[in-house]
Amino acid sequence: MGIDVVPVALGARSYEVRIGSGLIDRAGAEIAPLLRRKKAAIITDETVAAAHLARLVAALEAEGITVSSLALPPGESTKGWEQFARAVEWLLEQKIERRDMVVAFGGGVVGDLVGFASAVMRRGVRFVQIPTTLLAQVDSSVGGKTGINTAQGKNLVGAFHQPSLVLADIDVLGSLPPRDLLAGYGEVVKYGLLGDAAFFDWLEAHGPALAAGDRAARHYAVKRSVQMKAGIVERDETEEGERALLNLGHTFCHALEKATGYGDRLLHGEGVAIGCALAFELSQRLGLCAQEAPSRVRAHLRAMGMKVDLADIAGDLPSAAELVALMGQDKKVVDGKLRFILARGIGEAFVADDVPPDLVTALLAEGLRGR
Ligand code: GLY
């Protein structure tokens with residue numbers, strides 16, 4: 001299979017995403033050429049540290065790099081002011097400078113928090129993303145969105161700060177709990193749905209093998225997803241337009257995550273999958289696409305054993321009107337109007353700012369009645 005390299009061409013902020021097996025063990029050789037002083041600081045979480053940190057430290061030290069590491073508590077609640085301050089102060093104590101490298105080693109929580117810490121430390125130090133979840137490999141580690149959550153909402157404080165390199169080691173996906181892998185797969189499906197019908201066809205054929213552990217299928221799915229994300233980010237780094245397509249399913253997802261407390265009841269990628277199914281259903285009701293499109297989306301998610309409907313979320317949910325009100329608090333609201341990513345078919349998504357809220361309420365009410 002070898003290592004695939006996907007460039008992200010952003011002028012002076014350009015970097016590569018390298019995808020393949022054994023990249024953690026090669027991390028020293030990959031990172032050393034970027035260093036102006038052989039010093040790196042790894043921030044990870046306790047779960048990833050227990051499984052993989054010793055190998056990463058050994059790989060860096062083998063290249064003569066001086067390494068220190070900090071393991072934060074795992075989980076979404078880490079992505080707030082308290083652990084952010086801890087990370088920044090720890091990096092300052094380690095005397096990390098611009099010629100050194102910060103390494104974000106973990107899933108989306110670690111990548112977003114450490115990226116943001118790197119953005120503000122000494123007005124910006126360089127960092128490498130080594131994502132250890134499928135979701136982080138295909139989405140959050142690429143594109144430079146960094147940040148933390150506050151009492152007011154998710155990701156409301158942050159910065160665009162591109163990494164200097166992303167190393168997506170396919171082998172680490174083998175140690176993910178199946179539920180986390182499938183949640184990440186929600187973001188993979190999103191790429192096919194938003195802009196590449198042939199990739200969605202491929203996922204229909206190969207998704208089950210990917211979930212069962214087929215490394216070649218995992219490698220290709222990560223590569224194709226990253227290629228698509230890189231292209232979108234290159235054309236619209238700061239989300240003035242096209243990058244919003246990456247939010248397919250997310251307006252629904254964010255309301256559902258808020259309603260379920262951002263926890264174990266609904267993982268982010270699960271919410272994205274349900275949100276994609278709802279976005280296609282909404283598109284069909286608006287006469288934008290044929291019924292075949294939402295039917296195929298739902299059938300594939302079902303075949304993968306994923307959550308598809310509101311009925312698949314355990315416990316009580318607020319009313320449809322309350323869910324729509326939660327969407328109104330999303331940062332994707334522009335001038336008070338709800339923004340949805342809709343589709344004219346599989347692989348043909350676009351941004352819509354004029355969706356009648358009543359139609360959304362009716363769609364959700366129907367889903368809630370099915371519970
Ligand atoms: N995860 C959405 C984006 O990077 O724009």
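We count ligands from 1, going down the list as the structure has it; atoms in each ligand are counted the same way. Atoms considered below: every heavy atom in the structure, side chains included; atoms not considered: hydrogens, waters and symmetry mates. Note that the structure is a prediction, hence the values are computed from the model and not measured.
Residues with a heavy atom under 4.0 Å from ligand 1: D139, K145, K229, E239, R243, L246.
A tilted orientation is assigned to the rings of F340 and F252, their planes being inclined by 30° to 60°. A perpendicular orientation is assigned to the rings of F84 and W81, their planes being inclined by more than 60° (bins at 30° and 60°).
Considering only residues two or more places apart in sequence or on other chains, T78 meets the side chain to side chain contact (heavy atoms under 4.5 Å, CB included) condition with L72, P73, Q83, V109, L113. For A32, the side chain to side chain contact (heavy atoms under 4.5 Å, CB included) partners at least two apart in sequence or on another chain are E63, I65.
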Quiz: residues 170-178 side-chain donor-acceptor pairs under 3.5 angstrom, not counting sequence neighbours:
| unit_1 | atom_1 | unit_2 | atom_2 | d |
| --- | --- | --- | --- | --- |
| D171 | OD1 | S21 | OG | 3.0 |
| D171 | OD1 | R215 | NE | 3.3 |
| D171 | OD2 | G22 | N | 3.0 |
| S175 | OG | H52 | NE2 | 3.3 |
| S175 | OG | V172 | O | 3.0 |

List the steps, then state whether salt bridge (charged side-chain N to carboxylate O under 4.0 Å, His left out) holds for R13 with E237. CA-CA 11 Å; R13 296 176 307 290; E237 184 180 6; 2.6 Å; yes
